[in-house]
Each structure stands twice: as structure tokens, then as C-alpha cells.
2 protein chains.
Amino acid sequence: MPIERRPLREQIRDELMLRLDRGDFAAGTDINEAALAAELGVSRTPLREALITLAGEGVLESNQGRGFRFAPVSRKEFRELCAIVAALEALALDSSEPAYLRRVAPDLLRLAQDFSDNIAEQQDIERHDDEWHDLLLGGCRNERLLDLITSVKAGMRRYSHLVAGESTPMERAAEEHCRIAERLIARDLEGAATALRDNWVNGMERMMSRIPETS
Amino acid sequence: MPIERRPLREQIRDELMLRLDRGDFAAGTDINEAALAAELGVSRTPLREALITLAGEGVLESNQGRGFRFAPVSRKEFRELCAIVAALEALALDSSEPAYLRRVAPDLLRLAQDFSDNIAEQQDIERHDDEWHDLLLGGCRNERLLDLITSVKAGMRRYSHLVAGESTPMERAAEEHCRIAERLIARDLEGAATALRDNWVNGMERMMSRIPETS
DNA sequence: ACTATGAATTCTGCATACAAAATAGTACAT
DNA sequence: ATGTACTATTTTGTATGCAGAATTCATAGT
């Protein structure tokens, strides 16, 4: 078996994103490199490398001499990110192999229905939603686009834990997923793309009230 | 006067992009960190930080133990990038303040016309095209989107010097810019967005033959 | 001549060390 | 009590050092 040999900076990045999902870091808080490096058991060098990639994805921001901090959240930015992801995923759907979409459409529908039934843990909900979208876009032939979507979504993870605990919005999301799947089954690619865009716009509005206004 | 104090990694990144525009680096070539750092007169640490950000933007790629290299070019990737930028700029146009577009539309038209007249240096052509698009999108209220467009375009700069010396394609581009500006003057935002998308698709096809196929 | 093997070298990835900037703290003057 | 100048401390930004992986080169074997 080929043992895993990944750069430390990537493992660190993953770990930080995991902690971000858990809500360990409040938006706007500074990062103490030495302390965090010690806590992770690594040196500052690969940590800083990870921080720089995260800054490139918009998760962090850096100021000269002041180091890194988790980028503050705002309704404005969340709207912006949703608009971007909506456009990118719609493009990805457009760039997908029709055969793939036909094949996975039933799975997508079933997953969406299963999901609306049993309300699970918040962690599971997030993961499920991500996996659903990943499956939807799995047939996209534009590799750079998929990478870009992943990157932009990383920036959105700062918002994910803010909505934790709300159950009704998720039921709405499941319904919308059903709609998208139904459009695909009906071979209506245009309608599916529209439903997908709606899903993001609605998702945005659903979470909007949860986001504290820029103070 | 406030003297400029930017991190070295950013200055290094800018310098590397400049050299990339000049065609100093062939696609696919490895980077020797020590040699490049010595040439730039900096240490490997900020250089590596710059390389990591460039890798995040798709300009470079990194392999474990093998360091960084300029990502190889391919027609497939170029098509992908053009599709992405087309979608993003169209969205940006959609998110722009109508008042701004009305105001700059005449300037855009004039710039496009001026440009089609005097054929300048390749360097100037590139810069002019970029500035034209920047002016077009200057009224976009989605800041994250503008950052993202800049980042994706950075990845496209690997292709820019490949088309050097060709004059007719640029005249075509100027014509298309005129079309976009005319649509804006006519208050036809939808038509402008379509023309913008066409500009990217055509630009793509124009350069396609210049890109060596993946060997 | 060609391949395989192993030592020597080069280079990356990570850790540590150092310098300068920013922050916190303290004494002092108003 | 408040503000200010100055010092001490913390923290970042950059440079250097070091271990191990990857590559190169030479040599031996077929």
C-alpha cells in the first residue's frame, strides 16, 4: 500500500478547516502563529504556508506586521459568495456530460428524499449537502472550474456553523434538491440550472438573518 | 508621504508575474528555489510563500518532494479558463451599478476605437485589454467577485505571451469591445453580457491554434 | 551496448534563529 | 484622572540551518 505522503501545509490546512467547521474560531479573531503551531505540534513554517493558502481562499486575511486573522463575516460578503457559487455551479452543470446527469439523476432524487425524512446532526447535514452537490457536479469536464468551486466554498465555510441548529431551512433545501433532480430526470437542463441558482439564492436568504451585521 | 511597506512575498509574486508576462518562464519548467531566491536577492522563505500563492491561483503546481513548476499549458485548460472568466465577468456586469455603466460606456467605446487604430507593442496591447476590462467591471459591487476574477486571470497570464505578434486577432477584439460598449450605450445590459461572453469565446478560439497540444 | 545498482550530489520540506515592527506596560507630566 | 513619552515584551517577517527525499552520475554486471 502506498503510505500517505502529503506536505504538512496541506494537512494543517485540512485540520484548520475542520476546526473552522466545528466553530472553534470566531470570525475576526487574530491567529497567534507560535501558539497555534505549538498546539498542532508543527513549526511555524508549514503553518504559515497553510495560512497563506487560506488567505488566498478568503478564509483569512493578512495585514502587514499584524499577521493573519479569520476574515470577519458580513451579510454583504455572504451574498457575494452565494452569487458567485450559483453562477459557477450553473456553469458546471452546463459543462457536464448529459449522460452522467441522466445516470445520477435518480440517485440525486433519492438522496434528497432520504434527507428530508430523517433530520440528522448538524455536522451530517452539512456533509450531506456538500456530497449532494459534489455528486451533481461530478460529471463536469471543466476541472479548473471544479477546483475553483471547491476553493470558493472553502471561503463560505466560515458561515456554515452560524446556521447550526435550524431545522426548517434544511427541509426547504431538501425540497429544492428534489426539484433540481426532477428537472434533470425530465431532461430539462435549463430548468435544472435555474433551480440550482434558486437553491443558492434561497439558501442565502435562509441564512441571512443568522449573520451578525458588520459592527 | 506614507512609504510603501508590503510583505516581500507580495513583491516577489508581482515580480514573478511580470517575468511570466515577458515570457521568461517556459510552461512546465521546474523552479529552483535557491537559484531564484539568489537572483531576486531574497531568502527562500518569502519566495516559497509567493510560490504557494501562485500555486493557489493555478500558475504553478507543486508535487511532493519535487517542488514547484510552471503549470503546463493545454488547449483544454485554456478553454476551461475562458469559460470561467466569461461567466464571472458576465455576472460582474450583472452586479454592476447601472449608473456607472452609463457613465463609462462612452469611454469604453472611445478606448476600443482608439485601440483599433494604432497597433502598439504587444506589452501595451495586453495592458490595454486588461485596463479596458477593468474599467468595464469597475462598477461591480461584488468585491469578492472582482478579486476572484483577478485571481483566475492570473492563471491565464501563462497563455498571454503565446499569442504575441499576431495583429489581426487584436483588431477583432477591439471590434468586439466596440460592440459591448455600444450595447451598454443602448442600455441593453443583456446584449452587453452576451457580447462580453462572445468576446471571451472568440478570444479563446483566436488563441487556440497558438497553444501547443499537450505532448 | 544496455541495464541495474549504489554512492554522491542536489534540492525540497521543515525547523530554528534572528531582526524589526507592533503591542503592552510604566513612569511621568499636566 | 488623563494623556504622553519611553521602555519592555510579544509577535510577525525574513534568513539560515538541517534532515531526508529525489536526481544524477559512475560503476559493475549481463
Side-chain angles (χ1 to χ4, degrees), chain A residues 1-20 24-72 215, chain B residues 1-20 24-72 215:
Chain A
M1 70 172 194
I3 55 175
E4 188 175 345
R5 292 196 39 72
R6 295 172 63 213
L8 261 186
R9 61 173 179 273
E10 291 184 12
Q11 301 183 45
I12 293 172
R13 196 204 91 100
D14 291 350
E15 175 63 24
L16 291 179
M17 289 304 291
L18 222 72
R19 297 190 180 194
L20 181 64
D24 287 6
F25 308 108
T29 49
D30 297 355
I31 288 183
N32 186 323
E33 297 178 9
L36 186 54
E39 188 179 329
L40 295 171
V42 297
S43 82
R44 281 180 56 213
T45 307
L47 171 60
R48 277 180 63 87
E49 294 181 346
L51 297 180
I52 284 169
T53 66
L54 289 176
E57 295 173 331
V59 178
L60 304 176
E61 47 180 51
S62 74
N63 293 17
Q64 167 69 283
R66 219 160 293 184
F68 298 86
R69 68 167 184 170
F70 284 88
S215 51
Chain B
M1 73 173 191
I3 54 175
E4 189 175 345
R5 293 201 38 74
R6 295 171 63 212
L8 263 184
R9 60 172 180 277
E10 291 184 13
Q11 301 183 44
I12 293 171
R13 195 204 91 100
D14 291 350
E15 175 62 25
L16 291 179
M17 290 305 290
L18 223 71
R19 298 190 180 195
L20 181 64
D24 287 7
F25 308 109
T29 49
D30 298 356
I31 288 182
N32 184 324
E33 297 179 8
L36 187 53
E39 189 179 329
L40 295 171
V42 297
S43 81
R44 282 180 54 214
T45 307
L47 171 60
R48 276 180 62 87
E49 294 183 345
L51 296 180
I52 284 168
T53 67
L54 288 176
E57 295 173 330
V59 178
L60 304 176
E61 47 180 51
S62 74
N63 294 42
Q64 167 69 280
R66 218 160 295 182
F68 298 87
R69 67 167 185 169
F70 284 87
S215 52

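Side chains included, hydrogens not; waters and symmetry mates left out as well; all remaining heavy atoms used. Just so it is clear, the model here is predicted, and its values are computed rather than measured. Within every chain, numbering begins at 1; the chains are lettered A, B, ... in the order of the sequence lines, protein sequences first and strands thereafter.
- For A:Q64, there are no side-chain hydrogen bond (donor to acceptor under 3.5 Å, both in side chains) partners two or more places apart in sequence or in a different chain.
- A 4.5 Å side-chain heavy-atom check between A:L40 and A:R19 finds at least one atom pair inside the cut-off.
- When all heavy atoms are compared, the tightest approach of B:L16 to B:F25 is O-CE1, 3.8 Å.
- Here the side chains of B:D30 and B:F68 are not in contact, with every heavy-atom distance at 4.5 Å or above.
- In this structure, the CG atom of A:L8 is 13 Å from the C1' atom of C:dT12, given to the nearest Å.
- Rounded to an integer number of Å, the gap from B:R5 CZ to C:dA20 P is 11 Å.
- Each of B:T53, B:L51, B:L54, B:L47 was compared with B:I12 under the side chain to side chain contact (heavy atoms under 4.5 Å, CB included) criterion, and only B:L47 meets it.
- Running 5' to 3' along DNA chain D, contacts with non-hydrogen atoms of chain B at under 4.0 Å begin and end at D:dT14 to D:dT23.
- Shown for residues 41-65 of chain A: residues whose heavy atoms fall under 4.0 angstrom of DNA chain D, namely A:R44, A:R48, A:N63, A:Q64, A:G65.
- In plain terms, the two heavy atoms of B:A71 and B:G58 that are nearest each other are CB-O, 3.8 Å.
- Taking atom CG of residue B:L36 and atom P of nucleotide C:dC11, one finds them 13 Å apart after rounding to whole Å.
- The CD1-P distance, from A:I12 to C:dG13, rounds to 13 Å in whole Å.
- In this structure the side chain of B:R13 never reaches within 4.5 angstrom of the side chain of B:V59, judged on heavy atoms.
- Between A:R69 atom CZ and C:dT23 atom P the separation is 12 Å, expressed in whole Å.
- Between the side chain of B:Q11 and the backbone N or O of B:R6 there is at least one donor-acceptor pair closer than 3.5 Å.
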